[in-house]
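Throughout, protein chains are lettered first and strands after them, A, B, ... in sequence-line order, and every chain is numbered starting at 1.
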2 protein chains.
Amino acid sequence: MGKPDAGTPRERYRAQVREEIKKYAWEQIATAGASALSLNAIAKQIGMSGPALYRYFANRDELITELIKDAYRSLADILQDRAEAGAGLDGLAHALREWALADPQRYFLVYGTPVPGYHAPADTTRITAEIMAVILDACTAGQPPVAPPSPLETHLDDHRVWARQHPAPPSALRRALAFWTRLHGVLSLELAGHFDGMGFDPARLYADEIEGVTGH
Amino acid sequence: MGKPDAGTPRERYRAQVREEIKKYAWEQIATAGASALSLNAIAKQIGMSGPALYRYFANRDELITELIKDAYRSLADILQDRAEAGAGLDGLAHALREWALADPQRYFLVYGTPVPGYHAPADTTRITAEIMAVILDACTAGQPPVAPPSPLETHLDDHRVWARQHPAPPSALRRALAFWTRLHGVLSLELAGHFDGMGFDPARLYADEIEGVTGH
DNA sequence: AGCCGTGAGTTAGAACTTCTAACGAACACG
DNA sequence: CGTGTTCGTTAGAAGTTCTAACTCACGGCT
């Protein structure tokens, strides 16, 4: 007994078509990138003519925003699942890489080049907070703070609005940021193809950066 | 006396118009991103009608490729200049950040989301080799290799096609990669606005990452 | 059971885009 | 002073997003 897919028949049909639209949208994005996404092409694939899609999404941007939200959501879910399964910082890091490699364009939808005017909706900022909380948990669990905080760590401790009540010590704040920025650095360059033809194995560089963050 | 702008009058005029096209193209990219670049709009700004631009660029992609090449070139020039002026690894890092902040969309043109099909022309890979050489120089000059190489460092030493005859020791190879990936990690997240509303100062995080790479 | 309003899908069309084709005119060169 | 290359033009094809107006069928209510 799956979830009863609550709602009126109309609502259920509507949700179903929305999902089908998004399915073809993902296919297009995976093969040609988000900028090449064409509503007309999607409509043709589904079998209805052009403007019909505007019953389901106000415009192209709203569809893309929805896809970005779904991408964020799937990343947050995976990280939360792994964390609940007892994964440490390195487990989360590997989960992140698997998620990214599974669909590079999905990664770029979240962490890639932003459109200058675009402002993320409130939902996504809430999801990033969820992700940050998982990382902060893992960073706090890592090791007790022993050394006196560095200047940057005290700065982070002074401006911890982004940690949202999380009781992580200054060193954990720093490590969470390192986790995010360093892994993103390796990952985004790899996915963008900047390591192509360089000879070395990106996975080993990634693993080494993980060690650097977790403290060997 | 500046360079005489060699060539026939036709060639000089042609080069001049090409530059004007690129100028307006950069303006559009800076304000709306590369995906919003419109050849028609550029033509209108210059004062000629649409298809005239196709005398100067075969198509939209060729114009963008040209802009990417210019962006790469300007970054390489800046880093080489700073290196010749005696800048160390930290000097190069700050130059990189200044270059990125001066025009975020230019940075994304080089290091941002790639179009799945796109393959960089041979020119740009030569320019990346130039950039890598400058960084490797600075990494080698840093400090003598004392400790035995880590597993990753020996791996990099075994696959040093990307270093192109550069006599950098394994530790310098590792540091060059850290320079690239870690600084790109912080920088790209900052430019993409992912730090917005988080409270802390990205410049301090960047400076701290520099210290991590240079070895305090 | 039957009405009937809401919402889905249609076509037409406006305003864009890139890019090709054919034409005229201006310019540099022999 | 011709002459040919090249530049810029207009026309138009094929694509895009998105609006407007119309039909029609489905689902809820009496």
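- Taking the side chain as every heavy atom from C-beta outward, Leu173(B) and Glu153(B) never approach each other to under 4.5 Å.
- Comment: Glu19(A) engages Lys22(A) in a salt bridge, judged by a side-chain N to carboxylate O separation of less than 4.0 angstrom.
- For Tyr13(A), no side-chain nitrogen or oxygen approaches OP1 or OP2 of dA25(D) to under 4.0 Å.
- Checking the phosphate oxygens (OP1, OP2) of dT18(C), a side-chain nitrogen or oxygen of Asn40(B) falls inside 4.0 Å.
- By the 4.0 Å N-to-carboxylate-O rule, Arg73(A) lies too far from Glu66(A) to be salt-bridged with it.
- Spacing between atom CD1 of Ile21(B) and atom P of dT18(C) amounts to 13 Å, rounded to whole angstrom units.
- Spacing between atom CD of Gln28(A) and atom C1' of dT16(D) amounts to 12 Å, rounded to whole angstrom units.
- Nucleotide dG9(C) holds its C1' atom 11 Å from the CG atom of Leu53(A), rounded to whole Å.
- One donor-acceptor pair, N or O on each side, does fall under 3.5 Å between the base of dG8(D) and the side chain of Arg55(B).
- Atom CE of Met48(A) and atom C1' of dA8(C) are 9 Å apart (whole Å).
- Note on Tyr56(B): a side-chain N or O is less than 4.0 Å away from OP1 or OP2 of dG8(D).
- If you take NZ of Lys44(B) and C1' of dT17(C), they are 10 Å apart, rounded to a whole angstrom.
- Judged by distance alone, the side chain of His194(A) and the main-chain N or O of Tyr111(B) form no donor-acceptor pair under 3.5 Å.
- For Arg10(A) and dA8(C), the CZ to P distance is 6 Å, given to the nearest whole Å.
- Comparing dC29(C), dT17(D), dT10(C) by their nearest atom to the side chain of Thr8(B) picks out dC29(C).
- At whole-Å resolution of the value, CZ in Arg60(B) and P in dG15(D) are 18 Å apart.
- Mapping Ser38(A) and Ser49(B) onto DNA chain D by nearest heavy atom places Ser49(B) at the nucleotide closer to the 5' end.
- For the pair Ala138(A) and Leu92(A), the tightest heavy-atom approach, listed with the atom from each and the gap, is CB-CD1, 3.8 Å.
- In this structure, Phe57(A) places its CZ atom 15 Å from C1' of dA8(C), rounding to the nearest Å.
- Here the nucleotide nearest the side chain of Pro51(B), chosen from dG9(C), dA21(C), dG8(D), is dA21(C).
- At the heavy-atom level, Leu37(A) lies under 4.0 Å from the strands shown only through sugar-phosphate atoms.
- A close approach under 4.0 Å does not occur between any side-chain nitrogen or oxygen of Tyr54(A) and OP1 or OP2 of dT10(C).
- Judged by distance alone, with hydrogens and angles left aside, Arg14(A) brings no side-chain donor or acceptor close enough to the base of dG7(C) to form a pair under 3.5 Å.
- Backbone-only engagement by Pro9(A) is indicated by non-hydrogen atom pairs under 4.0 Å involving sugar-phosphate atoms exclusively.
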